[in-house]
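The first residue in the sequence is number 1, and the count goes up from there.
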Amino acid sequence: MIDAKIAYLALTSRDSRFDGVFYVGVISTGIYCRPVCPVKAPLAKNCLFFDSAAAAEKAHFRPCLRCRPELAPGNAPIDNGRRIADSLIQHIAEGVLEEDASLETLAARYSVSLRQLRRIVHKELGVSPLELKQTRRLLLAKQLLTETALPVTEIALASGFASLRRFNDAFSKRYRMPPGRLRKQIPADSDTSTLLLHYRPPFDWVALLDFLRLRALKGVEAVDDVSYARTVRLGAHRGWIRVIHTGNSLQVTFTHSLAPVLSALLLRLRNLFDLDAHPQIVAEHLGQDPLLSESLLKNPGLRVPGAFDSFEMMVRAVLGQQITVKAATTLGGRFADAFGEVITTPVPGLTHLSPEASTVACSTPEAIASLGIVRTRARTLLALADACAQGMPETAAQPELMIARLTALPGIGDWTAHYIAMRALRWPDAFPAADIVVRKNLGSVTAKEAERLAEAWRPWRSYAVMHIWKNLTPLK
């Protein structure tokens with residue numbers, strides 16, 4: 001439950017750290033806002049506070065046209081309930097959640113009943129799964145109407161509506177205005193459009209780019225001093241994206257070929273750049289340890305890079321076993337060239353789509369080993385590809401279970417499993433205790449000793465690892 005007095009103090013402070021943590025519904029206007037809205041703060045007696053945009057809309061409040069609630073960063077998953085709700089959001093974005101059958105499948109994945117799933121989602125987000133889906137679709141449509149020149153018909157489909165009629169009807173009922181009222185005169189581009197992804201500052205964009213640049217998959221990713229670009233395949237849709245930092249947001253340029261899967265695309269980018277993190281909460285907790293306090297001051301807002309494509313991330317983790325980052329990156333480029341589909345783009349360096357698990361699973365250890373990959377690791381990649389091709393779930397709500405499933409595969413140990421959990425699952429408490437750099441920078445300790453030291457950093461051990469890698473030097 002949100003404490004109204006504390007929330008009102010946060011609202012009147014205009015502190016951006018509260019952006020996305022709650023929303024305020026103003027009784028006198030029927031509008032709900034972000035706590036960073038530039039309009040004059042309403043009287044406390046006229047305010048109702050909600051922990052999600054969907055909950056505010058369920059209470060019949062309309063989104064503010066000034067602060068635009070669809071741009072607020074989301075809440076980072078912290079506990080199992082939040083992770084289940086977060087997974088539901090991902091299923092909605094991927095377009096696979098259309099009926100109760102899909103909800104039952106999701107519930108079974110997390111070993112809960114359908115009734116429990118509905119209760120968890122309502123507790124975490126204040127709305128039912130279907131209400132959540134409707135709100136997310138409408139907020140994406142509102143952003144597209146405001147920021148792009150895409151035709152309304154394409155916006156309706158990109159937002160997940162089956163027809164323009166259903167889109168117009170839902171928009172009019174929820175917001176009591178036609179979609180066209182939000183249109184702005186934006187120069188049209190026949191091939192690309194741009195959207196903004198917002199986050200909760202501080203955000204160390206330079207450090208994140210440095211990390212990704214050292215590990216960029218040749219042909220699939222292109223990272224320079226100011227931008228990240230990559231090829232994209234989502235279902236039957238192919239294209240490319242480029243991301244730059246501007247103000248307190250990331251500007252995403254995407255090809256119109258990706259418009260039908262835009263919801264899934266934006267969610268994957270939020271995951272990749274860790275845009276839903278609470279950096280202040282993380283810093284307050286980790287800063288209590290003198291070992292990390294200096295690094296937190298040196299690189300405020302250091303994020304944990306996620307994964308745009310989980311199988312791609314898993315392959316990169318396996319290739320990185322017991323070799324340098326540079327050597328693993330070289331092998332990754334060969335792997336993408338051998339198994340990735342060729343694509344033509346105007347961006348220098350973007351020539352291939354990331355290899356699919358089903359394609360790799362049809363290969364042989366000899367073919368993979370011919371790329372310079374040791375045979376035991378080639379067999380591991382085949383086993384991993386086969387598991388992913390058969391639908392090995394990414395159990396973000398039960399990371400320990402996912403780690404156990406990974407380590408059951410040949411050639412995947414605790415370090416690899418935790419690294420995958422840290423990035424592909426976005427589990428904030430992953431800790432690759434066997435990592436040689438972590439152990440060395442903590443004073444050449446053993447893995448067990450590293451685990452013991454890391455207990456004080458729970459539940460943010462993944463962020464602690466980033467600081468250890470970034471700034472800690474071997475202790476004397």
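Between Phe22 and Phe49, the two ring planes are perpendicular [angle over 60°; tilted spans 30° to 60°].
Here the straight-line distance linking atom CZ of Arg136 with atom OG of Ser263 works out to 6.0 Å at 0.5 Å rounding. Between Ile241 atom CD1 and Leu265 atom CG the span is 6.5 Å, to the nearest 0.5 Å. The CD1 atom of Ile403 sits 7.5 Å away from atom CG of Leu425, with the distance rounded to the nearest 0.5 Å. The distance from atom CZ of Arg215 to atom NZ of Lys326, rounded to the nearest 0.5 Å, is 14.0 Å. Taking CD1 from Ile244 and CG from Leu250, the interatomic distance works out to 9.0 Å, rounded to the nearest 0.5 Å. Taken to the nearest 0.5 Å, the CG atom of Leu296 stands 13.5 Å off from the NZ atom of Lys470.
In this structure the side chain of Tyr199 reaches within 4.5 angstrom of the side chain of Arg303, judged on heavy atoms. Inter-residue side-chain proximity for Lys142 and Pro63 is flagged as met; some heavy-atom pair is nearer than 4.5 Å. No side-chain heavy atom of Ile343 sits under 4.5 Å from any side-chain heavy atom of Leu350. No side-chain heavy atom of Ser128 sits less than 4.5 Å from a side-chain heavy atom of Val121. The shortest side-chain heavy-atom distance between Leu195 and Thr253 does not fall under the 4.5 Å cut-off. Looking at Leu258 and Trp240, their side chains never come closer than 4.5 Å, going by heavy atoms from C-beta outward. Using a 4.5 Å heavy-atom threshold, the side chains of Met313 and Phe308 count as separate. Between Leu144 and Ser159 there is a side-chain heavy-atom pair separated by less than 4.5 Å.
With sequence neighbours left out, the ring pair (Phe, Tyr, Trp, His ring centres under 6.0 Å) criterion links Phe171 to Phe167, Tyr175. Legend: residues meeting ring pair (Phe, Tyr, Trp, His ring centres under 6.0 Å) with Phe254, ordered by chain and number and at least two apart, are absent.
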Please assess Glu57 against Leu139 for the test side chain to side chain contact (heavy atoms under 4.5 Å, CB included), listing each intermediate value before the final yes or no. CA-CA 11 Å; Glu57 294 197 3; Leu139 289 178; 3.7 Å; yes
Side chain to side chain contact (heavy atoms under 4.5 Å, CB included), that's the test. Do Thr194 and Glu147 meet it? Break it down for me. CA-CA 7 Å; Thr194 62; Glu147 296 183 13; over 6 Å; no
Audit row: Tyr463, Asp429, side chain to side chain donor-acceptor pair (under 3.5 Å) steps and yes/no: CA-CA 8 Å; Tyr463 292 89; Asp429 202 33; over 6 Å; no
One pair to check against side chain to side chain contact (heavy atoms under 4.5 Å, CB included): Thr29 and Arg62. What are the steps and the verdict? CA-CA 9 Å; Thr29 63; Arg62 292 177 289 115; over 6 Å; no
Walk me through whether His256 and Leu150 qualify under side chain to side chain contact (heavy atoms under 4.5 Å, CB included). CA-CA 9 Å; His256 290 163; Leu150 285 171; 3.8 Å; yes
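Counting all heavy atoms, side chain and backbone alike, Ile368 lies closest to Phe339 at CG1-CZ, 3.8 Å. Counting all heavy atoms, side chain and backbone alike, Leu197 lies closest to Leu269 at CD1-CB, 3.9 Å. Taking all atoms of both residues into account, the shortest heavy-atom contact from Gln251 to Thr246 is CB-CG2, 3.8 Å.
Using a distance-only test at 3.5 Å, with no hydrogens or angles considered, no donor-acceptor pair links the side chain of Ser249 to the main chain of His245. Glu131 places no side-chain N or O within donor-acceptor distance of the main-chain N or O of Val127, the cut-off being under 3.5 Å. A distance-only check finds a donor-acceptor pair linking the side chain of Asp204 to the backbone of Ala207 [under 3.5 Å]. Here the side chain of Arg461 pairs no donor or acceptor atom with the backbone of Ala430 at under 3.5 angstrom.
Applying the salt bridge (Lys or Arg N to Asp or Glu O under 4.0 Å) rule to pairs touching residues 339-361 yields Arg233-Glu341, Arg233-Glu356, Arg238-Glu341, sequence neighbours excluded.
For Ser227 and Arg242, the side-chain atoms include at least one donor-acceptor pair closer than 3.5 Å. With hydrogens and angles left out, the side-chain atoms of Ser354 and Glu312 include a donor and acceptor closer than 3.5 Å. With 3.5 Å as the limit, one finds no donor-acceptor pair spanning the side chains of Arg423 and Ser462. Residues His60 and Tyr32 bring no donor and acceptor atom of their side chains to less than 3.5 Å of each other. Tyr8 and Asp3 form no side-chain donor-acceptor contact under 3.5 Å, judged by distance and modelled atom types alone. Thr329 and Arg316 are linked by a side-chain donor-acceptor pair at a separation below 3.5 angstrom, with hydrogens and angles left out of the test.
Checked for salt-bridge contact, Arg165 and Asp169 miss the test: no charged N lies under 4.0 Å from a carboxylate O. Taking a cutoff of 4.0 Å between a charged side-chain nitrogen and a carboxylate oxygen, Asp210 and Arg213 qualify as a salt bridge. A salt bridge is absent between Asp19 and Arg200: the closest approach of a Lys/Arg side-chain nitrogen to an acidic carboxylate oxygen does not fall below 4.0 angstrom.
Aromatic rings of Phe273 and Tyr228 (six-membered ring for Trp) have centroids within the 6.0 Å cut-off, being under it. If you look at Phe50 and Tyr23, their ring centroids are not closer than 6.0 Å.
Other residues, nucleotides and ligands contribute at most 12 non-hydrogen atoms within 6.0 Å of the NZ atom of Lys218. Other residues, nucleotides and ligands contribute at most 12 non-hydrogen atoms within 6.0 Å of the CZ atom of Arg166.
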